[in-house]
Amino acid sequence: MATALRLRGVTKTFGTVRAVDDLDLEIPRGTTCGFIGPSGAGKTTCIRLIMSILFPDSGELSVLGHASALAAKDRIGYLPEERGVYRRMRVGAFLAYIGKLKGVPESAARARASRLLERLGLAGVEEKRCEDLSKGMLQRVQFVAALVNEPDLLILDEPFSGLDPVSVRRMREVIADEQRRGVTLLFSTHVMSHAEELCDHVVMIHRGRKVLDEPIAGLRRQYDVRTIRLEPLDADADVGALYDVPGVASVRRASGGWELRLVADSDPVDVMRRIPGLVVPARLEFARVTLEDIFVRLAQQGGAVRDEGALRAHLQGLDVGASA
Amino acid sequence: MRRILLVARRDFIATVSTKGFIVGLLVLPALISLVAALAPRIPEMRRPVSGEVAIVDPTGRVSAHARAALAPDAIRARRLAEARRVTAPVAGAVGPVADQAIERAVGQAPSFTVVQDGPGDAIDDIRAWLLEAGSASPRLAVVVVHRDALLRRADGELGSYDLYTSRALDEAGERALHESMHEALVSARLESADLDRGAIEATLRVVRPEAVLVTAAGARSSSRGLAQLLPFAMGLVLFIGVVVGGQSLMTSMVEEKSSRVVEVLLAAVSPFELMAGKLIGQLGVGLLVLALYVGLGLTALYSFAVLGLIEPMLLVYLVIFFLITYMVFGALMLAIGAAVNQPNEAQSLMVPVLMLLVIPYMLSPMIGQAPNSTFAVVLSFVPPVNTIAMMARLGSESPPPAWQVWATALLGLGAGIVATWFAAKIFRVGLLMHGRPPDLRTLIRWARQA
């Protein structure tokens, strides 16, 4: 498969801070890659390097077959993390202007912008001034600006932050359409669940360095199942017998039931078989490993986690005001 | 190039379509032109005062002269002569159009009817006469000539006159009365001394000739009045064009940065394209302003029939030096706009840049008076102030040699290239920088980094 994006040994330093450190990355065309990591990890700097908004101190880049995004900007759609529009410009004129900058004829840009605005629940806002729209509406307008040129490479930096659930659903539908059209999607987020739902490949960045570069399916195989979730048919059932099952390390209350943590070398299938004989289950399943778990585990291995609770809240998008 | 022109077009339209721009730069000159066009006609619109003036003349020898001096034709003739005397040095060559303008400005003279059988010189009599109702035309004033108005006193001085007026006399009428009484008293005094007024006036009159400028190319008459104004006017036009273009360049850059739209733009264009587009767009704004003010100036000169005093080459130089000056100051203003987060943060960085524009502009009248002095010559070779200094010299009566003009242009161009290079460095680093506004040292560090 042809490569849409390739980085080799890319490094970028600001003063004494190494924002991106010797980064290698390769994204095949037509795939969706999650660019994940907590705020401040270096994701946005890396994207700005890809977009030739910043320039690396060392290393090589290839974007859609060109040595720099400057030669391919007409084929790239980019939604920056920092949202911005011309406040006094009308929405239709703004989107047409961005389209024209990317080589799309004005009439085609306006027509495509209208279709996308309608799909995102913003039909008829073309004649409104940008300053008259709410923050969430402006975010969707900017999302349209990233798509107005029908890009081959779409880079979305934290696209869902601050949006209501309905708007998130509408944007995800449009993203799904773009994926079907064959766009290469680089999706940057610090909220791991978003990446899990959208991506077939993830690259984790932590402190400017790549700590993981795997397909989601491979990750689930690689990071073994260590937890079983049990919801008893009788909510008051005695689960004391579960402590004696070989291979169970701990049993603790979890939302709507119990969570059994297994010891490292146990056979999860054997444990699973034994449970129904002890407690009648309404639901019994292996807890799928989450990106959040994987990230925390990787960060712990690197000795970089001081407060796991705060880190998990951040990776679930529960903190406010984070920036890369 | 397509992207550069698109950015330039949007920037130009966004700037010239703002209310502030239209009010500040189009409506204001339009209003000034309107006032300038209407002002000379205001005297025509005003009905001159008309009424009776009583002259109490105990000497018996002033009233005849006063009657002659107060005649409308005499008042008008005096005013025309005075207006021509005042405007002649400024206009240089006063053509028929200027003559008409002067006649319009002088307007109609007041109409005084001099009455002999007025009141006595007692104040009660004067009050009674001035306030008496029922006369056919309004009573405007009583002039009481001093008894010693024609005779030299012991201290060597002569007497004068007292003037009592009613509310019906306006300011223009009072001025005409004073002028006429001055004329009447001078005539009466000369007559009583048996002196020939014509001979005395001829003795006092020294006709001031128009200076003839002698150069290697030949001799031509010079117009010092205009020569003093032109360098200042040239400096002013250049200054306004560059300041307006540079200021709006800085403002639009700060707006784009603070509204964070700049990263959206950089997703579509390169930093160089964005910078070049903005420079060209606001260059258009500066040129529009320049064209507007030059057009107004030329229209004014045309209306006074002295358009020929502006050499076409001067306008060519004006455009060339405007482009160079804009290149230097526009690039610096753009760099400042890219470096700061809010317009108010730009003030401290803008002051030294603006000073470099203001100082030569303030000096331009002095440069125009001594265009080939060592100071003027040196200043016209020191970028970035050289262009305005050279423009002032070009507008003077003794323009510099051609090699100096082109040397200034080349030096200015060099300064423009350096300023643009510096601005491009700041632009690349500063665009996405937010936080504490940088000082000059930080800007230099950025330029080294980029």
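Fair warning: this is a prediction, and the values are worked out from it, not measured in the lab. Just so you know, these numbers use all the heavy atoms, side chains as well, and skip hydrogens, waters and symmetry mates. Residue numbering restarts at 1 for every chain, and letters A, B, ... go by the order of the sequence lines.
Panel note: side chain K128(A), backbone L133(A); no donor-acceptor pair is recorded below 3.5 Å.
Under the 6.0 Å cut-off for aromatic ring centres, F160(A) and F187(A) qualify, their centroids lying closer than that.
Proximity of M171(A) to V174(A): side-chain heavy atoms (C-beta onward) are nowhere separated by under 4.5 Å.
Of the two parts of E273(B), neither the backbone nor the side chain holds a non-hydrogen atom closer than 4.5 Å to a non-hydrogen atom of chain A. With a 4.5 angstrom heavy-atom cutoff, N149(A) does not touch chain B via any of its atoms. Both the backbone and the side chain of Y86(A) have a heavy atom closer than 4.5 Å to some heavy atom of chain B. Contact annotation for F55(A): only side-chain heavy atoms (C-beta onward) come within less than 4.5 Å of a heavy atom of chain B. Using a 4.5 Å cut-off between heavy atoms, R2(B) touches chain A through its side chain atoms alone.
Annotation: maximal heavy-atom pairing with chain B below 4.5 Å, among A93(A), P80(A), S68(A), occurs at P80(A).
Atom CZ of F321(B) and atom CE of M391(B) lie 7.0 Å apart (nearest 0.5 Å).
Between D157(A) and T44(A), the side chains place a donor N or O and an acceptor N or O closer than 3.5 Å (distance only, hydrogens not considered).
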